[in-house]
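All remarks here apply to the structure that follows.
Each residue takes its place number in the sequence, starting with 1. Atoms considered below: every heavy atom in the structure, side chains included; atoms not considered: hydrogens, waters and symmetry mates.
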Amino acid sequence: MNLLLTGAWQGALSAIPQIETMGHKAVFLPQERDPLPCDPAWVEGVVCNGLFLHHPIEDFPNLRFIQLTSAGYDRVPMDFVQARGIEIRNARGVYSAPMAEFAVACVLQIYKQLPFFRENQKARVWEKRRDLRELTGKTVLIVGCGSVGTECARRFRAFDARVLGVDLFPRTDAGYERMHPLTALDELLPAADVVILTVPLTEQTRGLIGSVRLAAMKPDAVLLNLSRGAVIDEPSLAAHLQANPSFTASLDVFESEPLNESSPLWACPNAILTPHNSFVGENDSVRLNAVVLQNLASVGT
């Protein structure tokens, strides 16, 4: 297979000799927005992330295989992929462990008021807090029970939290007390202490959390988004944070990235904003290399 590898796969260059032993031919594109290093008609397979945001997929007439370096499919024109019968694989499981650890860290820093103590340390102020919370006995609602959500469930259960799931395709899973269909979300939100969004972005989940559902949540709930920014209506969230100082949101993803400097979210003291960084872990490259090479070995040349 003639493969176009992009810099979205950091291990691409070093893996080319191994890929060629499988019978594939490979060229490398460091930045996906740059001009292609080959005729698009030559390309039969790609390893990429957002390649088709810069190079229309229609320009690749012989494309038959796509390997994504991300878990999400929202940067790929899936209608076209399915209509053409193009085989597509994602990076399922590669980033799940660091993202689940990040989720625990975000909730714990809120519950244990770590930003407050850090600021007091800078100011050399000795002041106790009597309003620290604990995860024991809390209800954690995970919206999107794929690989990331399920790794979150495992970790929050270790803190003796009650873990419930909501998914487009509910199933029985030992990591959850129970997994519900998406239609049960409105029923479950009012009882949740922590809501973690790990659901894929689809037309069904775009704007899933808006003003009505925010108002239904507990006044002191924690909302954590690790999925895609467009799952939340950001203006509604900003307004809710401003009006409800006990409510906290920890956001690692945004509808437009980087987040515009004019966004009101920056000024919300009860929001923790991170730059789409939750997926990073020192073992990501090892896991991604294993997934990509295994998938390339299984497809025909």
How long is the straight-line distance from [atom2] of [Y] back to [atom1] of [X], given to the nearest 0.5 Å?
{"X": "Leu68", "Y": "Asn295", "atom1": "CG", "atom2": "CG", "value": "10.5 Å"}
{"X": "Ile209", "Y": "Leu189", "atom1": "CD1", "atom2": "CG", "value": "5.5 Å"}
{"X": "Asp131", "Y": "Asp220", "atom1": "CG", "atom2": "CG", "value": "11.0 Å"}
{"X": "Leu223", "Y": "Leu251", "atom1": "CG", "atom2": "CG", "value": "6.5 Å"}
{"X": "Ile272", "Y": "Leu265", "atom1": "CD1", "atom2": "CG", "value": "13.0 Å"}
{"X": "Leu182", "Y": "Thr205", "atom1": "CG", "atom2": "OG1", "value": "8.0 Å"}

Would you say [X] and [Y] are hydrophobically clustered, going by side-chain heavy atoms of ILVMFWY under 4.5 Å?
{"X": "Phe28", "Y": "Leu36", "result": "no"}
{"X": "Val140", "Y": "Leu224", "result": "yes"}
{"X": "Val81", "Y": "Val47", "result": "no"}
{"X": "Leu168", "Y": "Ile232", "result": "yes"}
{"X": "Val27", "Y": "Leu3", "result": "no"}

Is the shortest side-chain heavy-atom distance between [X] and [Y] below 4.5 Å?
{"X": "Val143", "Y": "Leu208", "value": "yes"}
{"X": "Val107", "Y": "Leu135", "value": "yes"}
{"X": "Glu32", "Y": "Phe52", "value": "no"}
{"X": "Val43", "Y": "Asn62", "value": "no"}
{"X": "Arg213", "Y": "Leu185", "value": "yes"}
{"X": "Ile66", "Y": "Glu87", "value": "no"}
{"X": "Leu293", "Y": "Ile19", "value": "yes"}
{"X": "Ile196", "Y": "Leu141", "value": "no"}

| What's the verdict on side-chain contact (heavy atoms from CB on, under 4.5 Å) for Leu197 and Leu226, showing C-alpha distance, side-chain angles and the deciding distance? | CA-CA 6 Å; Leu197 303 177; Leu226 299 178; over 6 Å; no

Please check: side-chain N/O of [X] versus main-chain N/O of [Y], any donor-acceptor pairing under 3.5 Å?
{"X": "Asp167", "Y": "Cys145", "value": "yes"}
{"X": "Glu119", "Y": "Phe116", "value": "no"}
{"X": "Trp266", "Y": "Leu273", "value": "no"}
{"X": "Ser263", "Y": "Leu259", "value": "no"}
{"X": "Glu234", "Y": "Glu255", "value": "yes"}
{"X": "Tyr176", "Y": "Thr150", "value": "yes"}
{"X": "Lys122", "Y": "Arg118", "value": "no"}
{"X": "Asn2", "Y": "Lys25", "value": "no"}
{"X": "Asp79", "Y": "Gln82", "value": "no"}
{"X": "His24", "Y": "Leu296", "value": "yes"}

| Salt bridge check: are Arg171 and Asp173 linked by an N-O gap of less than 4.0 Å? |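 Asp173 and Arg171: salt-bridged.
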
| query | Thinking salt bridges, do Arg133 and Asp193 make one under a 4.0 Å N-O criterion? | reply |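 Salt bridge between Arg133 and Asp193, a charged N being under 4.0 Å from a carboxylate O: no.
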
More than 12 heavy atoms from other groups under 6.0 Å of [atom1] on [X]:
{"X": "Gln10", "atom1": "CD", "result": "no"}
{"X": "Gln31", "atom1": "CD", "result": "no"}
{"X": "Glu187", "atom1": "CD", "result": "no"}
{"X": "Lys112", "atom1": "NZ", "result": "yes"}

| query | What residues, two or more places apart in sequence or in another chain, satisfy ring pair (Phe, Tyr, Trp, His ring centres under 6.0 Å) together with Tyr95? | reply |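 Listed in chain order: Phe279.
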
| Where Asn90 and Ala71 come nearest, the two heavy atoms and their spacing |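 Result for this residue pair: ND2-O, 2.9 Å.
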
| message | I need the minimum non-hydrogen distance between Lys218 and Pro190, along with the two atoms involved. | response |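 Lys218 and Pro190 have their closest heavy atoms at CG-O, 3.4 Å.
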
Exercise: do [X] and [Y] side chains pair donor with acceptor under 3.5 Å:
{"X": "His55", "Y": "Asp59", "result": "no"}
{"X": "Asp252", "Y": "Ser278", "result": "yes"}
{"X": "Ser227", "Y": "Asn225", "result": "yes"}
{"X": "Asn49", "Y": "Trp9", "result": "no"}

For [X], give me all partners under side-chain contact (heavy atoms from CB on, under 4.5 Å), at least two apart in sequence or on another chain.
{"X": "Phe117", "value": "Gln113, Arg129, Leu132"}
{"X": "Pro275", "value": "Asn277"}
{"X": "Ser14", "value": "none"}
{"X": "Arg157", "value": "Val163"}

| field | Pair Phe247-Val222, side-chain contact (heavy atoms from CB on, under 4.5 Å): steps then yes or no | value | CA-CA 6 Å; Phe247 186 93; Val222 174; over 6 Å; no

| query | Does the side-chain contact (heavy atoms from CB on, under 4.5 Å) test come out yes or no for Val104 and Leu108, once each step is laid out? | reply | CA-CA 6 Å; Val104 172; Leu108 284 178; 3.7 Å; yes

| field | All salt bridge (charged side-chain N to carboxylate O under 4.0 Å, His left out) counterparts of Arg206, not counting sequence neighbours | value |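 So Arg206 forms a salt bridge (charged side-chain N to carboxylate O under 4.0 Å, His left out) with Glu203.
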
| task | Give the intermediate values and the outcome of side-chain contact (heavy atoms from CB on, under 4.5 Å) for residues Ile110 and Asn270. | result | CA-CA 9 Å; Ile110 293 165; Asn270 47 339; over 6 Å; no

